[in-house]
Enquirer: 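Dropping the structure in here first, questions after.
Here is the naming used below: chain letters follow the sequence lines, and residue numbers restart at 1 for every chain.
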There are 2 protein chains.
Amino acid sequence: MGIEELDNEVETPLLHSASDSLRIRRSAPLTTSQLAIVGSSLCPIESLDYELIENDFFKQDWRSRGQAHIVRYVILKWTLCFLVGALAGAVGFFNNLAVENIAGVKFVVTSNMMLAGKYERAFLVFASTNFVLLMFASVVTTYISPAAAGSGIPEVMAYLNGVDAPDIFSLKTFVVKVVGCIAAVSSSLHVGKAGPMIHTSACIASILGQGGSRKYKLTCKWLRCFKNDRDRRDLVTCGAGAGVAAAFRAPVGGVLFALECVSSWWRSALLWRAFFTTAVVVVVLRALIDVCNSGKCGLFGKGGLIMFDVTSADVTYHLEDLPPVIVLGIIGGILGSSYNFLLDKVLRIYNLINEKGHVCKLFLAASVSIFTSCCLFGMPWLANCKPCPAESSEACPSIGRSGNFKKFQCPPDQYNDLASLFFNTNDDTIRNLYSAGTDNAFQKSSVILFLITSYFLGIISYGLAVPSGLFVPVILTGATYGRLVGMLMGSHSALNHGLFAVLGSASLLGGSMRMTVSVCVVLLELTNNLLLLPLVMLVLLISKTVADAFNANMYDLLVKLKGLPYLKPHAEPYMRQLTVADVVRGPLQIFNGVEKVSNIVHVLKTTGHHGFPVVDEPPFSNSPVLFGLILRANLLVLLRKKEFLHACTLASVDASRHFSADDFAKRGSCKHENIEGIELTAEEMDMYIDLHPFTNTSPYTVVETMSLAKAGILFREVGLRHLLVVPKSSSTTPVVGILTRHDFMPELILGLHPVLLHSRWKKTRFGKSNLIQLFCDLCRFQK
Amino acid sequence: MGIEELDNEVETPLLHSASDSLRIRRSAPLTTSQLAIVGSSLCPIESLDYELIENDFFKQDWRSRGQAHIVRYVILKWTLCFLVGALAGAVGFFNNLAVENIAGVKFVVTSNMMLAGKYERAFLVFASTNFVLLMFASVVTTYISPAAAGSGIPEVMAYLNGVDAPDIFSLKTFVVKVVGCIAAVSSSLHVGKAGPMIHTSACIASILGQGGSRKYKLTCKWLRCFKNDRDRRDLVTCGAGAGVAAAFRAPVGGVLFALECVSSWWRSALLWRAFFTTAVVVVVLRALIDVCNSGKCGLFGKGGLIMFDVTSADVTYHLEDLPPVIVLGIIGGILGSSYNFLLDKVLRIYNLINEKGHVCKLFLAASVSIFTSCCLFGMPWLANCKPCPAESSEACPSIGRSGNFKKFQCPPDQYNDLASLFFNTNDDTIRNLYSAGTDNAFQKSSVILFLITSYFLGIISYGLAVPSGLFVPVILTGATYGRLVGMLMGSHSALNHGLFAVLGSASLLGGSMRMTVSVCVVLLELTNNLLLLPLVMLVLLISKTVADAFNANMYDLLVKLKGLPYLKPHAEPYMRQLTVADVVRGPLQIFNGVEKVSNIVHVLKTTGHHGFPVVDEPPFSNSPVLFGLILRANLLVLLRKKEFLHACTLASVDASRHFSADDFAKRGSCKHENIEGIELTAEEMDMYIDLHPFTNTSPYTVVETMSLAKAGILFREVGLRHLLVVPKSSSTTPVVGILTRHDFMPELILGLHPVLLHSRWKKTRFGKSNLIQLFCDLCRFQK
């Protein structure tokens, strides 16, 4: 289809001219260069092989597998899931324990100093502890594992989408993530531990899935049973679910989060395995918390920290409660989308600073830490002291670190409501906001002040070079916002303010993360109150709809900022106007069924491609016949083994005698063999390899006239790395190109066909008109 | 690959011979008939078009769509979801209301007679009421809409898998299903209303999705906006979720049920829409129940009927409670799989009887009704009367229809515990079993007797020609079984017996239905107690694993019994040994780009195919070129419109001027145009049609050497109806066959290649050795 026609106005009937140009192209010979860059990797990011490689060698291997092998495989699969769950639960618990103890000691020491009237010294201790903790987190992240910065959810999403970004699942990253996250959260920085916990659990799954770490000698033969990316993908999906389950003690929510937000492919069987993993997490957590309940865990174990138990026995609401809830949802959606907008802007600025070098990164982190400390310690002074309520079940004022009624600078029998919000761990603040029966505990001005501060603190804290999650800041800000709405409603609504806080959290989560079902279930499990369900649903639906009208969800923004080639589930509208022939580029490297070693070495050295079509030509067949696709990784194994042929004939050797399936086992994430490591003599270079037994004889193909949109659907749904393009009619070559992930990236397509940028297909997508954008987004969402 | 080799033993290295035969085949000319029966429909069941048809005409139509069109589409989509939710909620409520009132009056009348000592008359009234109700249900089902029999879940599953079975979503079926279900459940037959409710809601969705019913004049222009099967599929998926939500008041469970069990394709966007639909259901139900709580609904409205509220404030359990729970899960799995086994056998016998004619169907229903009445009324006489507990919050003995303590034949101040189980609606019995603090209410002998009776009553009641669900009988039997385990544990377990009953339900559901996540969430929402979660999960995991070792899940069995061509998500192992060339059969019907009318008419009249490849041959191209695929439905529209060409040239007419997109709108379920209805003159038969603008230029293709397993994955994942097979090398035809759903059915493949039946691929699948079967099932489950 002529690209030029795309600019025509709506009113012009395009069909006629379009089918004219089609006709010309149909009858024209193959003149344009319809050749592909095979597996063109412009960045160190590689794709994963989720496709089943069906070659003769593997088929033979499958046939030779006995029942014992299958049994071992199944048992290992479940054992690994169990291990992932258990370790994720243990790490999650350890995380909480460490944070509660470190932050707890900090708050207790500071509070005691304030009780003695030493306010300046209290501030110094508070600020310097925060500073040291954050600098520690920032230093380990910056110098040991930069991949551990941020929440890690975009990286996990990209991995499950088929992108193997360097170093994201290494043992180093895992350790830095755990340690850094504890330090960062303990430093009272406005970040959460949920996101890092998801990344940590995915790390555990990946490290176990690739058979431990050979480098650190943490491996054994039994662990190394997952030889391909598919099995590892499934395990990492379970790991991501386990992370959410560990962070929120929400097993069903964890599974749904993995399903709705993190994973790109999902099967029913996986649902069950993920469920099993999250169940293990919850049981482990429960057991560990039971241990702590006996008081052996220092400052941990008093409040059931992970869970915000706000079961108020009877939640009743009626039709007249709906209008405030709807308004809350609408404003929540606007706040959420502006949260995303501001976060995007701040991250772009931070990226500029961070690129300047390690010192700049540390300096940025230091500034934010000092600013945060000033806010947290300084703001409460703005509030008036309030007299303690007469009949309170809690101690008032409380001196330690928890409780609704912080004494701060107040005289006896009075409390500082702003300090209860600011001068607390985020978890405790959320619990305070969610608690029922405290409708009069906070002043309006305090809540407004805290809302504004926490909104912006959350945005400026995320982009630092420390492990940091976004869930808790969003939940916290949302809870404050909800509480405020509840206070503004006053006696007009029968709902209590704790409930409003929960709904506020839902609205901000819906507005920024845009996950509906999983957020809803997580919130329900978090608050342990099923009767909230319809209200939470309503709020989520409204806030997501409103926010979708303005911008994309937070994780899409983050993935885009990271530059990860993420395949979206839907095709862009303009892709329908292109055929695959419009994007495949040359030159295409093809191997013969029996290929000379020197040729293979030359091609592997001069190109960065990861897949090569294998074509049988005379004398092996009458005419050129597409035999299949061979992967670079497999070619490297063949070259290393040096089982070469002396002449260009079909192999007389038995492949299964010289190779074992383990030779072709996929190595761990980002550990790639390269051609430079293989030494070959001149004699060997003149020999031949029979590629037939090692070639995937069932590669997926599309005809070159296929629309790019439909090829994209195939690519994404089946989870491909390479998609062969075959000619529409008899031609000299049986394959005209290869499509990879990069060929479906909008940036590349628009680069090849700049005219699309100005076509109405593009304009309506990225147009400035908000109304059009709204409808397009809505419409895209439907597709 | 030679099929003959498959029999070789494991030890023989197959690679060598296999690659030999491969080589022969590679060089051999195309001698075997590799031609397909296009869309071969051996039964009246048709496939649905879930694939996006991208032809020039539709592309033109998409281009001409303005923003207004998109906005209308989006609004309608959500409005329809809202309507489906609201109607499903209303119908579900109406269902419950009717059942509770009819069954309630029956029980009150009978109880009053028994109070007066007229036991014979009471039995007569009870049995004859049941008989009349069941005969009514059976008569309407048999004579008006046989498709309404059974639960309807297999049909909905098949529809969402792409199978359009006749009459399953018609208005007639809907009405019969609602009325018949009310009558059947009220007749004290051991069937549930959940399954029919899912079918009913899917019916509502389908009827609204295809634009109401033209036949019954229930339509308007706005309703008819969903012109293709994809949109309708999405709506029916939401409908199925709404059904579960309405049946159990479980919105999250409904979405998960639709996701895990019913639907074959799922997208994130759908998750949100399904969630919205179930939220609407719950709000509607809540509003209607609120209305009833004021006492305006007769016997309804006392007990919050749909929900089994068993919130016992503090559920605590410890490590020592795990062993009984594990045992409960294991036995539950065995009971569940034998439930499936027996159900399968009984259904096969019933099918033989039902095939004999309508009278036999009615006779069978009548026998079961009388037998059930005898059981329900007769069994309680076997129990001893127990004295009422001294400090009971409930009335004891209770005279009416509800309550734990039925008087039945007992003297004053005593109650019959067996009557509390038997002589009640199923819902009330479940609530009795789930209730906490009633550990001493039942005798062991009573529970054992009820367990055995309800187990077999459930099995013999399902296959009758009435709308009947399986959920409630399974939940009820499971609850009884769990209660029994609790009683046997006695003081060895601290868990209360109501909790054991819930776990028992979970174990039997896991053992028979094999859904884990959705059953778990439904149970949690049903019992409104999140703390149960880990225990329920554990039981489900164990019972499903145990049951999977024995047989397939209940719905797979039912789908198989119904003979619906259901595409499984995984490929059978032996499919890997076949290429697509091994299953395509001839002769293949191909059309030219510009085809003579008489040819088209002839082909359409003589074949039953639904898709035809369109190939451009000289003079329109230099060599034969595959242009695309055209559907029978589109050809019929072209023939009916009679916009023919006088000569074999490319069209000079503008397609978009003579046709509108509405002409090509897919008609409702099972309303197919046929060629016989189109009258053409001899002159018209000599004319030509330019098929180019109406041909899908982007059909999915596979090369003939593709393995059948991987082609199957493509077929299923992308949701295809036709899959074109292209040659591996230049040949005279650019397409060698078409694969349809039938080509992936094991029955057809094994019929074509009977040698596979004896190969070890097949043997291990259907072998008799239980241990091997166990591991294979486990293994299959992983794939």
Enquirer: Go through the atoms of A:Val283 and report whether side chain, backbone, both or neither lie under 4.5 Å from a heavy atom of chain B.
Expert: side chain
Enquirer: Nearest 0.5 angstrom please: B:Arg273 CZ to A:Thr516 OG1, how far?
Expert: 12.0 Å
Enquirer: Below 4.5 Å, heavy atoms only, C-beta onward: do A:Val703 and B:Thr701 meet side chain to side chain?
Expert: yes
Enquirer: Output the distance between atom CE (A:Met515) and atom CG (B:Leu271), rounded to the nearest 0.5 Å.
Expert: 11.5 Å
Enquirer: With only heavy atoms counted, which part of A:Val702 is less than 4.5 Å from chain B, the side chain, the backbone, both or neither?
Expert: backbone
Enquirer: If I measure from the heavy atoms of chain A, does B:Cys520 come under 4.5 Å with its side chain, its backbone, both, or neither?
Expert: side chain
Enquirer: Measure distances from B:Val521 to the heavy atoms of chain A and classify the residue's part below 4.5 Å as side chain, backbone, both or neither.
Expert: side chain
Enquirer: If we define contacts as heavy-atom pairs under 4.5 Å, which of A:Glu717, A:Met706, A:Lys710 has the most with chain B?
Expert: A:Lys710
Enquirer: Could you grab the distance from atom CD1 of B:Ile713 to atom CD of A:Glu51, nearest 0.5 Å is fine?
Expert: 9.0 Å
Enquirer: Let me know if A:Leu256 has heavy atoms under 4.5 Å from chain B in its side chain, its backbone, both or neither.
Expert: side chain
Enquirer: Where do A:Tyr700 and B:Leu714 come nearest, in terms of heavy atoms and distance?
Expert: CE2-CB, 3.6 Å
Enquirer: For side chain to side chain contact (heavy atoms under 4.5 Å, CB included), just list the numbers for B:Lys728 and A:Val625, CA-CA rounded to whole Å, side-chain angles, deciding distance to a tenth of an Å, and then say yes or no.
Expert: CA-CA 6 Å; B:Lys728 59 180 173 170; A:Val625 171; 3.7 Å; yes
Enquirer: Can you tell which of B:Gly628, B:Ala709, B:Ser698, B:Ala711 has the highest number of heavy-atom pairs within less than 4.5 Å of chain A?
Expert: B:Ser698
Enquirer: Measure the spacing between CZ of A:Phe275 and CD of B:Glu260 and express it to the nearest 0.5 Å.
Expert: 8.5 Å
Enquirer: Quick one: closest heavy-atom pair of A:Pro251 and B:Met537, and the distance?
Expert: CB-CE, 3.4 Å
Enquirer: Testing the basics here: between B:Leu541 and A:Trp272, what is the closest heavy-atom pair and its distance to 0.1 Å?
Expert: CD2-NE1, 2.7 Å
Enquirer: Atom CG of B:Asn696 and atom OG of A:Ser707: how far apart are they, to the nearest 0.5 Å?
Expert: 8.5 Å
